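Just so you know, residue 1 is the first one in the sequence shown, and it goes up from there. Keep in mind that what you see is a predicted model, and the values were worked out from it rather than measured. Order of listing sets the numbers, starting from 1, for every ligand and every atom in it. All heavy atoms count here, side chains included; hydrogens, waters and symmetry mates do not.
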Amino acid sequence: MNITPENLYNNRRHFLKLGAGALIGTSLIQSKLMALNFTPSENAQNLKISDEKVATNYVNFYEFSTDKKRAVELAKNFNTNGWKIEISGEVEEPMTLTMQDLLSFPLEERIYRFRCVETWSMVVPWVGFELRALIEKCKVKSDAKFVKFTTLFDKDQFADQASFFPTIDYPYVEGLRMDEAIHPLTLMAVGMYKKPLLGQNGAPIRLVVPWKYGFKSIKSIVKIEFVKDQPKSTWELANPREYGFYANVNPEVSHPRWSQANERPLGEFFTKPTLMFNGYGKEVAHLYKDMDLKVNF
Ligand SMILES: Nc1nc2c(c(=O)[nH]1)N[C@H]1C(S)=C(S)[C@@H](COP(=O)(O)O)O[C@H]1N2
Ligand SMILES: [Mo]
């Protein structure tokens with residue numbers, strides 16, 4: 001069954017007239033009309049979904065601003081026209097994928113817990129496709145041991161990139177080990193709350209890795225490289241004592257400046273205990289069975 005988003009419903013006639021191809025460009029107006037055809041989630045785990053207003057207004061997107069409200073404000077004009085992802089490195093078929101190509105992967109709704117290293121958390125109904133589908137499409141070679149992701153670098157659009165003293169080293173880079181990347185929970189998200197992603201949440205396409213701290217879930221991706229060596233991620237480069245490459249949610253490993261034992265769900269007053277691997281231990285603990293998670297934090 002396909003969901004008809006409210007905005008598409010109103011524009012159905014317009015949509016039919018232009019045809020799908022014409023709409024899967026990505027200007028702001030087009031993306032408002034864009035149909036996300038996806039398999040909805042049944043919320044089998046009965047997770048309590050965060051309020052949409054809260055999840056789309058309390059964001060971390062340093063390229064715009066470290067101030068959460070200001071980032072939302074600045075993201076309103078984010079132009080994702082003609083967005084492409086370049087795929088290179090250890091692949092049989094390097095390729096450049098347009099949004100139209102990316103939206104043709106099988107899209108599903110996935111309701112995931114999301115835990116920021118700052119100790120707030122939320123539950124988001126994402127729409128996206130499994131990263132492993134993309135990995136199959138570009139025929140990744142066996143020499144590839146890691147995936148490196150890069151966010152857009154564009155001083156005209158990102159105020160903090162243009163500033164004299166940028167907060168972090170841009171472009172924002174993240175990475176996953178290959179077995180993490182092909183894990184079925186690892187999602188390339190193009191939407192949330194049944195609609196295309198807003199600028200502040202990483203439009204038009206971002207990573208979502210639900211068992212890791214939020215900073216691994218890199219936004220507005222323009223490049224994916226398959227590499228032999230472990231890439232250095234932006235936060236690891238900025239402060240290796242505080243932010244490791246793995247960044248698995250772990251209530252037993254404190255951040256040097258605060259405990260990670262509890263979290264505050266956005267929109268709620270009381271905190272609750274944080275779960276190992278953010279509650280996804282059954283699915284992912286085997287990936288780390290031979291590792292010391294205090295060293296590889
Ligand atoms: N490019 C980029 N990706 C990013 C960030 C960022 O500043 N820049 N912030 C990260 C952090 S710290 C978190 S918690 C999540 C926040 O996602 P949300 O704002 O959609 O909740 O995005 C992550 N991805
Ligand atoms: Mo975060």
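- Near I218, with a cut-off below 4.0 Å to any heavy atom, the atoms of ligand 1 are 3 (N), 24 (N).
- For the pairing with Y112, the side-chain contact (heavy atoms from CB on, under 4.5 Å) check across V124, L185, L47, V123 returns one residue only, L185.
- Under the 4.0 angstrom criterion for non-hydrogen atoms, W235 is not in contact with ligand 1.
- Contact annotation for F215 and ligand 1: heavy atoms of both the backbone and the side chain come within less than 4.0 Å of the ligand.
- Checked by atom type, the side-chain pair S41/E109 shows no donor-acceptor distance below 3.5 Å.
- Residue contacts with ligand 1 for M122 involve side-chain atoms from C-beta outward but no N, CA, C or O (heavy atoms, distance under 4.0 Å).
- Using a 4.5 Å cut-off between side-chain heavy atoms of Ile, Leu, Val, Met, Phe, Trp and Tyr, with links allowed through other members, F114 and L198 fall into different hydrophobic clusters.
- If you number the atoms of ligand 1 from 1 as listed, the ones under 4.0 Å from a heavy atom of V59 come out as 19 (O).
- R177 and Q230 share no donor-acceptor pair across their side chains, judged by distance under 3.5 Å alone.
- Contact annotation for R206 and ligand 1: only side-chain heavy atoms (C-beta onward) come within less than 4.0 Å of the ligand.
- Taking the six-membered ring wherever Trp is involved, the centroid distance between the rings of Y280 and W211 does not fall below 6.0 Å.
- Between the side chains of N60 and E118, at least one donor N or O lies within less than 3.5 Å of an accepting N or O.
- Proximity of E63 to ligand 1, defined as any heavy-atom pair under 4.0 Å, is confined to the side chain (atoms from C-beta onward).
- At least one N/O-N/O distance between N201 and ligand 1 falls below 3.5 Å.
- At least one heavy atom of S217 sits less than 4.0 Å from an atom of ligand 1.
- When heavy-atom distances to ligand 1 are checked against a 4.0 Å cut-off, F114 comes that close only through its side chain, counted from C-beta outward.
- Listed by atom number, the atoms of ligand 1 under 4.0 Å from T151 heavy atoms are 1 (N).
- Contact atoms of ligand 1 toward C116: 14 (S) (distance under 4.0 Å to a heavy atom of the residue).
- Under 3.5 Å, the side chains of T274 and N262 contain no donor-acceptor pair of N or O atoms.
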